[in-house]
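Note that this is a predicted model, so its numbers are computed, not measured.
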Amino acid sequence: MACIMSYNTTAALPCRGCGGDFKKEDEVLLFENRRWHQRCFVCGGCKKAFTAITEADNVRDMPYCKGQCHWKASRNMCGNCGEQIEGEFIDVKLLHKKYHADCFRCVKCNRVIDAGFRKRDNGPECLDCSKGLS
């Protein structure tokens, strides 16, 4: 369920889509108890903007188009190789993806990430690369 909220009730909470702050002129949406800029409230699969709040289906607290995008997001697919995951996996909530253990790799150096990482637009980055050590 989603609704439109006023700036005053959400000013201190970041946008779920971009992580940015809200400004007074921003239209703020609430979807599954998470705050979104209107411009950031897009399908987690195809990135299409929703024209109505009711168009979004919830998959792991993220909005998806009904149908194909929702179906794909609901399956356990690896965020790197795209193959279906059976058995053990790594659930990276910050990236809204799941990975085979051998597939959770740095987007810069391609090494398996077994410790901390930083979120980048194109995926996870190991701490060595984020510090410029690789």
Test Glu125 against every option in Arg111, Lys108, Lys119 by the salt bridge (charged side-chain N to carboxylate O under 4.0 Å, His left out) rule and name the one that passes.
-> Lys108
Could you list the donor-acceptor pairs under 3.5 angstrom formed by side chains in residues 88-98, with sequence neighbours left out?
from, atom 1, to, atom 2, distance (Å)
Asp91, OD2, Lys93, NZ, 3.1
His96, ND1, Lys93, O, 3.3
Lys98, NZ, Asn76, OD1, 2.7

Taking all non-hydrogen atoms of both residues, which atom of [X] and which atom of [Y] are closest, and how far apart?
| X | Y | result |
| --- | --- | --- |
| Asp102 | Val112 | O-CG2, 3.8 Å |
| Lys23 | Asp26 | N-OD2, 2.7 Å |
| Gly19 | Pro14 | O-CB, 3.6 Å |
| Thr54 | Lys66 | O-CE, 3.3 Å |
| Tyr64 | Cys43 | CA-SG, 3.8 Å |
| Ser130 | Arg118 | OG-NE, 3.4 Å |

Flag side-chain contact, heavy atom, 4.5 Å: [X] against [Y]:
| X | Y | value |
| --- | --- | --- |
| Leu13 | Arg34 | no |
| Phe50 | Cys65 | yes |
| Leu29 | Gln38 | yes |
| Cys106 | Phe117 | no |
| Val107 | Pro124 | yes |
| Met62 | Val59 | no |

Any residue meeting side-chain hydrogen bond (donor to acceptor under 3.5 Å, both in side chains) with Arg60, in chain and number order, not counting sequence neighbours = none
Spacing of [atom1] belonging to [X] relative to [atom2] belonging to [Y], to within rounding of 0.5 Å:
| X | Y | atom1 | atom2 | value |
| --- | --- | --- | --- | --- |
| Glu32 | Asp57 | CD | CG | 10.0 Å |
| Lys72 | Cys46 | NZ | SG | 9.5 Å |
| Glu86 | Cys78 | CD | SG | 12.5 Å |

Is there a donor-acceptor pair under 3.5 Å between the side chain of His37 and the backbone N or O of Asp21?
-> yes
For atom NZ of Lys48, decide whether the heavy atoms of other residues, nucleotides or ligands shown that lie under 6.0 angstrom number more than 12.
-> no
